[in-house]
Number of protein chains: 2
Amino acid sequence: MKRSQAPPRDPALLLWVVLARAFDAVERHSRASIARFRLGVTEFGVLEVLYHKGELPVCEVRRRILVESSSTTYVVDKLVKRGLVRRRPSAADRRVTLLSLTPAGRGVIRRIFPLHAQSMRQAVGALPSPEQRQAIDLLRTLGLGAAERHKASVDLEPLAEPQT
Amino acid sequence: MKRSQAPPRDPALLLWVVLARAFDAVERHSRASIARFRLGVTEFGVLEVLYHKGELPVCEVRRRILVESSSTTYVVDKLVKRGLVRRRPSAADRRVTLLSLTPAGRGVIRRIFPLHAQSMRQAVGALPSPEQRQAIDLLRTLGLGAAERHKASVDLEPLAEPQT
DNA sequence: ATCTAATATCTCGATTTCGAGATATCAACG
DNA sequence: CGTTGATATCTCGAAATCGAGATATTAGAT
């Protein structure tokens with residue numbers, strides 16, 4: 001066995017390491033599950049959010065799938081070409097494009113979502129329910145706090161160039 | 001305020017959502033911090049692991065930076081070209097290539113690691129120390145469990161094609 | 001009303017990452 | 001020994017993602 005522990009004595013650094021590892025391990029489940037349906041992770045994300053929230057602006061979708069806006073355009077393009085999603089200009093704000101599922105798109109996500117959900121339950125199932133709840137609270141605090149602090153620090157100077 | 005909560009009633013799915021969000025938020029700190037040094041996240045990862053562990057096989061490095069082997073080759077190539085890392089064939093196992101820092105590489109990582117560590121402490125600092133320890137335990141269990149279950153399930157059939 | 005700053009979306013080129021497969025070596029076993 | 005299966009590294013082309021910036025629109029302040 002090689003369960004050698006990565007050894008940052010500093011709990012904060014260790015937390016970052018185990019967070020990254022846990023995310024990676026669970027994400028592999030997600031990726032493999034979604035690959036069954038010939039979809040990419042972010043494509044699935046778009047379908048899923050539109051399925052559960054209904055018509056939404058692109059920027060709202062972007063927030064939830066955690067990628068940059070240019071990537072959002074790219075993924076939405078693919079889904080539109082596939083006939084699963086449709087774009088529509090917003091009347092209220094003419095900068096905004098609204099996204100919604102086509103009937104075909106709704107059919108797809110309705111069929112595959114339960115299967116994927118089951119995979120994700122399996123993925124995180126090593127943690128018993130009460131611990132899951134604890135983890136949810138802690139991760140929520142951690143995530144919100146980190147997002148907050150990120151906005152607050154838009155001022156780290158480039159300190160050095162390690163090489164030309 | 002739009003603190004509207006993503007509403008999976010299922011705790012397992014909610015856990016997955018908050019895990020992804022927390023990772024994303026903290027990773028933005030990491031990315032921004034490392035960008036100060038004109039390095040990519042995985043490049044930094046390679047330097048860091050070699051700094052703390054000494055000479056290691058490529059596959060060992062790969063395990064720790066959480067990317068696929070082809071990406072590892074790509075990143076190592078760049079670091080070698082920059083003169084920060086060196087490749088050396090292993091005597092014990094001729095399949096293996098050993099990686100180590102050059103003096104220049106060691107100089108770089110020694111200088112920047114403390115600054116990055118400080119950024120990461122700041123990133124996860126919204127969680128008080130006792131909660132950090134709790135989170136570490138929970139995430140470790142979650143991550144190891146998910147990795148375990150992933151190996152165990154190399155048998156999900158492609159179930160359907162949503163579209164041609 | 002006008003000006004300025006912020007927001008939303010998209011374009012385009014570059015970078016990063018992956019996936020499948022090629023090659024070489026090692027390990028285990030008969 | 002020879003075979004078979006696992007492991008380590010790398011190649012190559014495709015896919016995903018980003019970053020900077022262009023454009024249009026809105027919101028806020030004066």
Side-chain angles (χ1 to χ4, degrees), chain A residues 2 20 23-24 27-28 30-32 34-47 55-82 85-100 151 154 158, chain B residues 2 20 23-24 27-28 30-32 34-36 38-46 55-82 85-100 150-151 154 156 158:
Chain A
K2 66 165 154 316
F23 173 77
D24 180 73
E27 211 232 359
R28 281 172 198 277
S30 176
R31 188 178 296 280
I34 291 172
R36 290 183 292 174
F37 315 121
R38 316 281 182 210
L39 285 171
V41 174
T42 48
E43 290 175 302
F44 181 90
V46 172
L47 297 180
E55 190 170 51
L56 283 181
V58 172
C59 62
E60 235 10 83
V61 171
R62 187 202 70 85
R63 267 191 199 87
R64 296 172 197 266
I65 62 178
L66 306 174
V67 299
E68 297 306 314
S69 64
S70 52
S71 308
T72 310
T73 300
Y74 169 77
V75 188
V76 170
D77 274 351
K78 285 199 308 182
L79 292 170
V80 169
K81 273 178 200 133
R82 283 224 228 176
V85 166
R86 145 183 73 212
R87 282 187 170 100
R88 184 173 77 85
S90 160
D93 185 337
R94 281 190 300 183
R95 293 170 300 181
V96 166
T97 298
L98 297 170
L99 301 179
S100 56
K151 277 200 284 279
V154 199
Chain B
K2 68 167 154 314
F23 173 78
D24 181 74
E27 211 231 359
R28 281 173 197 277
S30 175
R31 186 178 298 281
I34 291 171
R36 290 182 293 174
R38 316 282 183 210
L39 285 171
V41 174
T42 47
E43 291 175 301
F44 180 89
V46 172
E55 189 172 52
L56 283 180
V58 172
C59 63
E60 244 354 274
V61 171
R62 187 202 70 85
R63 265 191 201 87
R64 296 172 196 266
I65 62 178
L66 304 173
V67 299
E68 297 305 315
S69 65
S70 52
S71 308
T72 309
T73 300
Y74 169 76
V75 186
V76 170
D77 274 351
K78 284 198 309 182
L79 292 170
V80 168
K81 275 178 199 133
R82 282 223 230 176
V85 166
R86 145 182 74 213
R87 284 189 169 99
R88 184 174 76 86
S90 160
D93 183 338
R94 281 190 299 182
R95 296 169 299 181
V96 166
T97 299
L98 297 170
L99 301 178
S100 56
H150 192 62
K151 278 200 283 278
V154 198
L156 292 174

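Proteins come first, then strands; the chains are lettered A, B, ... in the order of their sequence lines, and each starts at number 1.
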Ignoring hydrogens and angles, tell me if any N or O in the side chain of R88(B) forms a donor-acceptor pair with the backbone of L99(B) under 3.5 Å.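 Side chain of R88(B) to backbone of L99(B): no pair is present.
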Verify, without hydrogens or angle tests, whether R62(A) (side chain) and V67(A) (backbone) share a donor-acceptor contact under 3.5 angstrom.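 Answer holds: yes.
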Whole angstrom value for the distance that separates [atom2] of [N] from [atom1] of [X]:
| X | N | atom1 | atom2 | value |
| --- | --- | --- | --- | --- |
| I34(B) | dG19(D) | CD1 | P | 13 Å |
| L98(A) | dT9(C) | CG | C1' | 12 Å |
| R95(A) | dT26(D) | CZ | C1' | 4 Å |
| L56(A) | dA8(C) | CG | C1' | 14 Å |
| E27(A) | dA16(D) | CD | P | 13 Å |
| R94(B) | dA24(C) | CZ | C1' | 9 Å |
| R62(A) | dA8(C) | CZ | P | 9 Å |
| L99(A) | dT9(C) | CG | P | 8 Å |

**Prompt:** With sequence neighbours left out, what residues match R94(A) under side chain to side chain donor-acceptor pair (under 3.5 Å)?
**Reply:**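 With sequence neighbours excluded, R94(A) shows a side chain to side chain donor-acceptor pair (under 3.5 Å) to no residue whatsoever.
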Checklist entry - Given side chains that start at C-beta, do those of L79(B) and R87(B) come closer than 4.5 Å, heavy atoms only? => result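 Contact flag for L79(B)/R87(B) side chains = no.
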Any side-chain heavy-atom pair from L66(B) and E27(A) closer than 4.5 angstrom?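 No, too far: nothing below the 4.5 Å cut-off.
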Expected string for nucleotides 11-20 of chain C under the B/S/- scheme (protein heavy atoms, under 4.0 Å, primed atoms plus P, OP1, OP2 as sugar-phosphate) is BB--SBBBB-
Practice task
Could you pick out which residue, R87(A) or A92(B), lies toward the 5' side of DNA chain C when each is mapped onto its nearest nucleotide?
Solution key: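 Looking at DNA chain C, the more 5' nearest nucleotide goes with R87(A).
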Discussion item. Exactly one of V41(A), V80(A), T42(A) should register a side-chain contact (heavy atoms from CB on, under 4.5 Å) with V75(A). Which one does?
Written reply: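 Option passing the side-chain contact (heavy atoms from CB on, under 4.5 Å) with V75(A): T42(A).
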